[in-house]
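The structure under discussion appears below in the form of structure tokens.
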Amino acid sequence: MIVKNEEKFIKRCLECLKDIADEIIIVDTGSTDRTKEIAGNYTPGIYDFEWVDDFAAARNFCFSKATMDYIYTADADEVIDDDNIKKFLLLKSDISPDVDIVEMQYTNQLEKGSTYNFDEENRPKLFKRLRTFRWIDPIHEVIDCYNNVLTSDIKIIHKPEEGHFQRDLSIFVKSTGNGQVLNSRLHMMYARELFICGTDEDFLKAFDYFNRSLMEETLKPDDKRLSYCVLARYYNLISDAHNLFKVITKTLNGVVSSEICCELGSYYMKMEDYEEALYWYYLASGAASADLNIDYMNFIPNFQMCRCFIKLGDMTEALKHNSLAEFYKPNHPDVLANKQILIY
């Protein structure tokens, strides 16, 4: 594990792992709380690593300290329940020596997640040490590998107290501030994190990078399509209609982006042209496809159509679309507020 200031969670995590692991290695990147003290109750293998805004570097250092046959990589805000501890122990007792990697089901992604559209995914979690796996990418780091992979039904529950998106986005800003162009995967992750949880200020900070990325030959057309989505939001935020439509027209070939449709809907709502806004929100929810955030093809267009129909005085249609929005996000405060207005 790599950790920093995890005193709230590290005991919970290590209690899950203490009977599974033959050794526990903790790499601390600068804790100022009781993290190392608590970890010391479970392992003597605690090491310091100077944080350099690079998760892959920290994980590679951590892997270098391992001595057992397989390495399980954990985060402090993860939990394994009793049933899955039993499955893990069974796997450990019966794993084939031919297996290089074991994928496990990473769950509860939507509660505090910043880059996920689905609540569960298969994720590589257990690695054969002698294969000398290397972590790559300074943020949203992954293992660089194409090997013999076993997919298990072990579930790892992600239970953070809060999201990490501001930390992640600040690393993206720093990583791209020197003119660097991200690889295709990180380019997508940056754009996705913006659309899932970024603030207006985050989009403003991201403009220089995504605008510059359009000039880079290394990026594929699909990568640049994501840049156009970010730039459309940026120009909409600063009310620059000329550049907004310049960007949008470059995306209207093939399958239309739900994010782009919603930006157009937002633009026309600001112009108080609610019928035109409805056209684009209908398109976002019916014929378009989300490039970055699935909310742009279900929750957001239905919520916005409700607002449009309220402005047009059609409360029946407004209630219908608010109910659809509520289906996707039952406890969203704005949906519940609209419901109160429409019912009473």
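Computed from a prediction, not measured in an experiment: that's the story for all the values here. Computation of the quantities below employed the complete heavy-atom set of this structure, encompassing side-chain atoms and omitting hydrogens, waters and symmetry-equivalent molecules.
- Rounding to the nearest 0.5 Å gives a distance of 7.5 Å between CG of Leu252 and CD1 of Ile260.
- Closest approach of Val27 and Ala58 over heavy atoms only: CG1-O, 4.5 Å.
- Not counting sequence neighbours, the partners of Lys174 by the salt bridge (Lys or Arg N to Asp or Glu O under 4.0 Å) test are Asp53.
- If you take CG on Asp69 and CG on Asp22, they are separated by 8.5 Å, rounding to the nearest 0.5 Å.
- Aromatic ring centroids of Phe195 and Phe203 lie under 6.0 Å apart.
- Donor-acceptor pairing under 3.5 Å is lacking for the side chains of Thr199 and Glu201.
- Judged by distance alone, the side chain of Asn84 and the main-chain N or O of Ile156 form no donor-acceptor pair under 3.5 Å.
- With sequence neighbours left out, the salt bridge (Lys or Arg N to Asp or Glu O under 4.0 Å) criterion links Lys11 to no other residue.
- Side-chain contact between Ile85 and Ile20: present, with at least one pair of heavy atoms (C-beta onward) separated by less than 4.5 Å.
- With sequence neighbours excluded, the residues that form a salt bridge (Lys or Arg N to Asp or Glu O under 4.0 Å) with Arg34 are Glu37.
- Between the side chains of Lys270 and Asn236, a donor-acceptor pair is found at a separation under 3.5 Å.
- The two residues Asn293 and Glu259 make their nearest non-hydrogen contact at N-OE2, 2.9 Å.
- Side chains of Tyr42 and Glu15: a donor on one and an acceptor on the other come within 3.5 Å.
- Once rounded to the nearest 0.5 Å, the distance linking OG1 of Thr218 with CG of Asn183 reads 9.5 Å.
- Of all non-hydrogen atoms in Glu23 and Thr67, the two that sit nearest each other are OE2-N, 2.6 Å.
- Residue pairs that meet the salt bridge (charged side-chain N to carboxylate O under 4.0 Å, His left out) test with at least one member in residues 204-230, sequence neighbours left out, are Arg225-Asp291.
- Within the 4.5 Å cutoff, no side-chain heavy atoms of Tyr47 are placed close to those of Asp28.
- Taking the side chain as every heavy atom from C-beta outward, Lys125 and Val102 never approach each other to under 4.5 Å.
- A donor-acceptor distance shorter than 3.5 angstrom exists from the side chain of Asp33 to the backbone of Glu7, with no hydrogens or angles considered.
- Judged by distance alone, with hydrogens and angles left aside, the side-chain atoms of Lys92 form no donor-acceptor pair with the main-chain N or O of Ala21 at under 3.5 Å.
- In this structure, Tyr279 has no ring-ring contact (aromatic ring centres under 6.0 Å, His included) partners at least two apart in sequence or on a different chain.
- To the nearest 0.5 angstrom, Cys13 atom SG is 12.0 Å from Ile38 atom CD1.
- Annotation: ring pair (Phe, Tyr, Trp, His ring centres under 6.0 Å) contacts involving residues 60-95, sequence neighbours excluded, comprise Phe49-Phe61, Phe63-Phe127, Phe63-Trp135, Tyr72-Phe88.
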Practice task
Show the numbers, then the answer: is there a salt bridge (charged side-chain N to carboxylate O under 4.0 Å, His left out) between Asp137 and Arg59?
Solution key: CA-CA 11 Å; Asp137 294 335; Arg59 288 203 190 273; over 6 Å; no
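- Tyr281 and Met271 fall into different hydrophobic clusters, where Ile, Leu, Val, Met, Phe, Trp and Tyr side chains are chained together by heavy-atom contacts under 4.5 Å.
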Exercise for the section: Go through Asp48 and Lys36 one step at a time and tell me if the salt bridge (charged side-chain N to carboxylate O under 4.0 Å, His left out) criterion holds. Expected result: CA-CA 10 Å; Asp48 292 312; Lys36 290 198 290 184; 2.9 Å; yes
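- No continuous path of ILVMFWY side-chain contacts below 4.5 Å connects Val3 to Val79, so the two sit in separate hydrophobic clusters.
- The two residues Gly30 and Lys4 make their nearest non-hydrogen contact at O-CE, 3.6 Å.
- Side chain of Arg129 to main chain of Ile71: no donor-acceptor pair is present (N/O by atom type, distance under 3.5 Å, no hydrogens or angles).
- Side chains of Glu6 and Thr35: a donor-acceptor N/O pair is absent below 3.5 angstrom, by distance only.
- Within 6.0 Å of atom NZ in Lys65, more than 12 heavy atoms from other residues, nucleotides or ligands are found, so the atom counts as buried in its surroundings.
- Under the 3.5 Å distance criterion, the side-chain polar atoms of Asn148 are left unmatched by any main-chain donor or acceptor of Asp100.
- In this model, a donor atom of one side chain and an acceptor atom of the other lie less than 3.5 Å apart for Glu78 and Tyr106.
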Problem - Audit row: Glu120, Lys155, salt bridge (charged side-chain N to carboxylate O under 4.0 Å, His left out) steps and yes/no - result: CA-CA 9 Å; Glu120 185 172 303; Lys155 294 182 183 292; 3.3 Å; yes
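- Other residues, nucleotides and ligands contribute only 12 or fewer heavy atoms inside 6.0 Å of the CG atom of Asp82.
- Scanning for ring-ring contact (aromatic ring centres under 6.0 Å, His included) contacts around Phe303 gives Phe299, with sequence neighbours left out.
- Linking Ile, Leu, Val, Met, Phe, Trp and Tyr whenever their side-chain heavy atoms come within less than 4.5 Å leaves Tyr282 and Phe327 in two separate clusters.
- Residues Ser227 and His187 form a side-chain contact, since some pair of their non-hydrogen atoms from C-beta on lies under 4.5 Å apart.
- Residues Lys329 and Asp295 are in side-chain contact: their nearest non-hydrogen atoms beyond the backbone lie under 4.5 Å apart.
- Residues meeting the salt bridge (Lys or Arg N to Asp or Glu O under 4.0 Å) test with Glu326, sequence neighbours left out: Lys339.
- In the hydrophobic cluster analysis, where Ile, Leu, Val, Met, Phe, Trp and Tyr join through side-chain heavy atoms closer than 4.5 angstrom, Met104 is grouped apart from Ile157.
- Shown here are the ring-ring contact (aromatic ring centres under 6.0 Å, His included) partners of Tyr190, two or more places apart in sequence or in another chain: Phe172, Tyr209, Phe210.
- Annotation: Lys87, atom NZ; neighbour count of heavy atoms from other residues, nucleotides and ligands within 6.0 Å is above 12.
- Cluster annotation: Leu278 and Trp280 are assigned to distinct hydrophobic clusters (Ile/Leu/Val/Met/Phe/Trp/Tyr, side-chain heavy-atom contacts under 4.5 Å, transitive).
- To the nearest 0.5 Å, atoms CD1 (Ile46) and CE (Met1) are separated by 10.5 Å.
- The side-chain hydrogen bond (donor to acceptor under 3.5 Å, both in side chains) analysis of residues 244-255, with sequence neighbours excluded, yields no pairs.
- Between Met269 and Ala277, the shortest heavy-atom distance links the atoms CG-CB, 3.6 Å.
- Side-chain contact between Ile2 and Phe55 is present, with at least one heavy-atom pair separated by less than 4.5 Å.
- The minimum heavy-atom distance between Ala284 and Ser258, with the atom names listed, is O-OG, 3.1 Å.
- Between Leu126 and Ile95, some side-chain heavy-atom pair lies under the 4.5 Å cut-off.
- Within the 4.5 Å cutoff, no side-chain heavy atoms of Ile196 are placed close to those of Leu292.
- Not counting sequence neighbours, Tyr228 has no partner by the ring-ring contact (aromatic ring centres under 6.0 Å, His included) test.
- Between atom CG of residue Leu283 and atom SG of residue Cys261 there is a gap of 4.0 Å, rounded to the nearest 0.5 Å.
- Partners of Ser289 under the side chain to side chain contact (heavy atoms under 4.5 Å, CB included) rule, at least two apart in sequence or in another chain, are Val255.
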